[in-house]
Each structure stands twice: as C-alpha cells, then as structure tokens.
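Comments concern the structure below.
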Number of protein chains: 2
Amino acid sequence: MIVGMTTGTATRPRTPRGQGRARLLAAAGDLFAEQGVSGTSLQSIADRLGVTKAAVYHQFASKDEIVIAVAEPVIDRLRAIADAATSGSAEQKRAVVVEGLVDLALAERGTAAILRRDPTMAQLLDSHAPYLEQIARINALLLGPNPSAEQRIALAFAGGGIMALGALPGLDGPPEDVRAGLVAAMTRALTIERDPS
Amino acid sequence: MIVGMTTGTATRPRTPRGQGRARLLAAAGDLFAEQGVSGTSLQSIADRLGVTKAAVYHQFASKDEIVIAVAEPVIDRLRAIADAATSGSAEQKRAVVVEGLVDLALAERGTAAILRRDPTMAQLLDSHAPYLEQIARINALLLGPNPSAEQRIALAFAGGGIMALGALPGLDGPPEDVRAGLVAAMTRALTIERDPS
DNA sequence: GTCTATAGGGAGATAGAC
DNA sequence: GTCTATCTCCCTATAGAC
C-alpha cells in the first residue's frame, strides 16, 4: 500500500532495513512514556542508544518528526481496528472495536497511553489528519447510529479510561483475565439500558 | 524588550492575604493543563501574570513548589470526598465517592486531569504522602470489602476514565445531564453483576 | 513586591570531517 | 552513520537595587 522504495535511494537518509530507525523509535517511545515528550531531550534519547545527538538528527530532521513517528504504529493499529469492524450488527461492530482497543492498550501500555495523555503529543495530533480520521471512525463505531447525548458522554468517559491504564492497582494476574475484565468494564460503561417505559 | 500595557490601572493594585499566590497558581494550573508541566516555563507563567520571573520566585522557591501547590487543592477535594463517605452501606459509600469524583473532574476539568496525566506531576506525587493516602482511601471505598480481581480491573479502567476527560466529543449540553451521564457511566463500569449460580 | 541583570547550564538544531 | 564542534536560544535560579 504505502511503499516508497521505487525511486532511487542515492542520498536518502534512511537506514537500510530501517533497523536503526526502529531502535531509535523504541527508545524514544519508552522515554516519552516515562517522562513525557517535553521532558525528554534528544540528548537523553541519544544517550540511551549510546550515540550522539547528531546521529539522531541523521535519521530525523526534528524532534516533532520523532514524536509523530512514535505515534504512527498506534495510528496504524487504530486503522486496523476500524477496518476489522465492517460487518455485522452495530453491537457486533462495537464489540470488535472494544476488544481491539483493549488489546492495543495492553500490548503497548505506556506507549499507547502517550497519545491521549501527553500534552505535546495531543497538540501535534490535533493537526494530524490520519489520527483524527481514525479516531472519528472508532468513535462512530462505538456510538452507533443516532447516538444520544448520554451515549456521547459515556464514550468520553470510556475512551479516556481505556487509554489511561497507568500504574493503577489491579492489573496483575493472568493476561486473559485482565483482558476479559477490561472488555467487560468498557462494554458496561458504553451500554445504556433502555428505559422500560 | 518589555512589551505590555503599562497603563497602571487599578486592576492589580495590591495583593492582600496571598491573593497574588492564588492568581499565580490559577495561571500555572491553566498552563500546566495546556502544555504540561515540563512544557511550561516560569517565564510563561510570569508573562501570563504580566510580571517577571523574579516576581514568581518571590512567592515560590522553585518550580517543583508550584507544581505541588497546584495539586494541593485537588488533594484536598479528594480528602473531602473520602471524608464524606463514612456512613451507609458499601454501595452508598461508593455512590458518594463516584459523585464526588465526577463533580471534581467537572469543576476542574483540565487542572484535575493533570494529576493523572502529566508525567512530571505523577513523579512528584509518587513520593507525596498526602496524595497517596487519599488515593488509597478512595480506591478502598470504590472497591468495597473483599474486592475480586475483576473489581480491581474495573477500578483501573474507571479511575483513568473519570480523570481523563479531555477534548472529547459529547461533553456539551446541560451540566446536569453531563453530570448524570458520567455518574451513570462510571457506576456501570464499576458494577459487576453477580453470577446467578 | 517588583524590578534589572546575570550566572550557569541544557535545549534544539546545523556544519563538516571521517 | 557517526563523530566533534558550535550556534543560538531558553531554561531554572540567584543577587541586589528600588
């Protein structure tokens, strides 16, 4: 789909196989999660990799570029989640999305949480169309057709909760149980019972 | 290059009884919420107040002191919430806490969210006994006696959700409806139905 | 209480050698 | 791809005048 290797690579500052790039992004993501984006200097990223700042600037033109690149895999997963919810009833689609978001939050706890928690990241993503697009798709799937105000409020609550899994108590135990518990909690939060009138 | 209005009006004539301090903390809290703690310089706080950095240092010895001072009113409210849940059944206590947290999140949306979202703030509070104490009380009240693993997981989800109310859709509308919707959503998330065996 | 001035260091970013 | 060296700017914090 999105491959740009057809043209010549004479002076392109990209790592062949992109291994140095991946290593850098992993280190940056960890540091962003620990100290926030603003609290993380390029020097500290370079230190963790055992190189100098100039080596970092060889792969990324600016700090903002690193921040966006860290967010990209998460955005890709959001897109995959929305893509997976194409068939079935509104309830079935919602179940697929809820499970996908829980898996995402658990797989990249820390890194995934940055997207919603970090102010710098949030400001950058606010003008990053690919992110906004996937969030809109996810929200639409979770809300279903003709959402009520109450449903929108429940979404605001649940959307924050799933990504804010930090150093909170109770996330130990068998991964399957944790996953099932989170899916159940988020589903409950989003499920508004009809008033039997 | 000093830029600004030197009109010398009566807008800020004198500061009786720590009013300057309160003004400073309000400005700092707003900026922390917008840009994060690390992303906010003492210069920008001073700019918003129309004074110089030195004037800020006259009231607080360090930036960390400001950060803690911004958190203190929120910690006080957490303490008040726990204090208010002293009588009644476990369910009644939990209802009081849920409503208190929703009111807190709505009253200081932005500022209250910093406590859970900002990495710098989190690191400072991690060794701030008063904060840890109130969080422990709140968690105990929400979990009730003999909490199951499932309940702990639901708490991790709900605790993050209530404080992470950011620029999400659906938080417009009558304040009473928003409050009721959030209370209902958080209560649902925390309510695990007994297995009818 | 507020100011000017400055110390001392770290930030992001660039140039050019190897 | 990585380095050394350097630029410029901003940061926290302090000293001392008014």
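In the text below, chain A, chain B and the rest are named by the order of the sequence lines, each starting its count at 1. These values consider heavy atoms only, across backbone and side chains, with no hydrogens, waters or symmetry-generated copies.
- The nearest whole Å value for the distance from the CG atom in A:Leu49 to the C1' atom in D:dC3 is 15 Å.
- Atoms CZ (A:Phe60) and P (C:dG12) sit 15 Å apart, rounded to a whole Å.
- One finds the NZ atom of B:Lys53 at 7.5 Å from the CG atom of B:Leu42 (value rounded to the nearest 0.5 Å).
- Between the CG atom of A:Leu101 and the CG atom of A:Leu106 there is a distance of 11.0 Å, given to the nearest 0.5 Å.
- Applying the 4.0 Å criterion to OP1 and OP2 of C:dC3, one finds that B:Thr52 has a side-chain N or O inside that range.
- If you take CG on A:Leu124 and NZ on A:Lys63, they are separated by 10.0 Å, rounding to the nearest 0.5 Å.
- Atom CZ of A:Arg94 and atom CG of A:Leu190 lie 5.5 Å apart (nearest 0.5 Å).
- Whole-Å rounding puts the B:Lys63 NZ to D:dT14 P distance at 15 Å.
- In the set D:dT4, D:dA13, C:dT4, D:dA13 carries the atom at the smallest distance from any side-chain atom of B:Ser62.
- Considering B:Lys93, B:Arg137, B:Arg77 as possible partners of B:Asp83, the one that fulfils the salt bridge (charged side-chain N to carboxylate O under 4.0 Å, His left out) test is B:Arg137.
- Salt-bridge formation is detected for the pair A:Arg179/A:Glu99: a Lys NZ or Arg NE/NH1/NH2 atom is positioned less than 4.0 Å from an Asp or Glu carboxylate oxygen.
- If you take CD on A:Glu72 and NE2 on A:His128, they are separated by 5.0 Å, rounding to the nearest 0.5 Å.
- For the pair B:His58 NE2 and D:dA17 P, the computed distance is 17 Å after rounding to whole Å.
- Looking at the side chain of A:Tyr57, the nearest of the listed nucleotides C:dC3, C:dG12, D:dT12 is C:dG12.
- Every residue two or more places apart in sequence or in another chain was checked for a salt bridge (charged side-chain N to carboxylate O under 4.0 Å, His left out) with B:Glu150, and none qualifies.
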Each nucleotide N or O in nucleotides 5-9 of chain C that has a protein N or O under 3.5 Å away: list the pair and distance.
none

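- For the pair B:Gln59 CD and D:dA13 C1', the computed distance is 16 Å after rounding to whole Å.
- For the pair A:Ile45 CD1 and C:dA13 P, the computed distance is 11 Å after rounding to whole Å.
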Derivation of the side-chain hydrogen bond (donor to acceptor under 3.5 Å, both in side chains) call for B:Thr40 and B:Arg48:
CA-CA 11 Å; B:Thr40 301; B:Arg48 179 159 294 200; over 6 Å; no
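- Of all the residues in residues 32-43 of chain B, B:Thr40, B:Ser41, B:Leu42, B:Gln43 reach under 4.0 Å from DNA chain D with at least one non-hydrogen atom.
- With rounding to whole Å, A:Arg23 atom CZ is found 12 Å from D:dG1 atom C1'.
- Nucleotide D:dT2 holds its C1' atom 17 Å from the CD atom of A:Gln19, rounded to whole Å.
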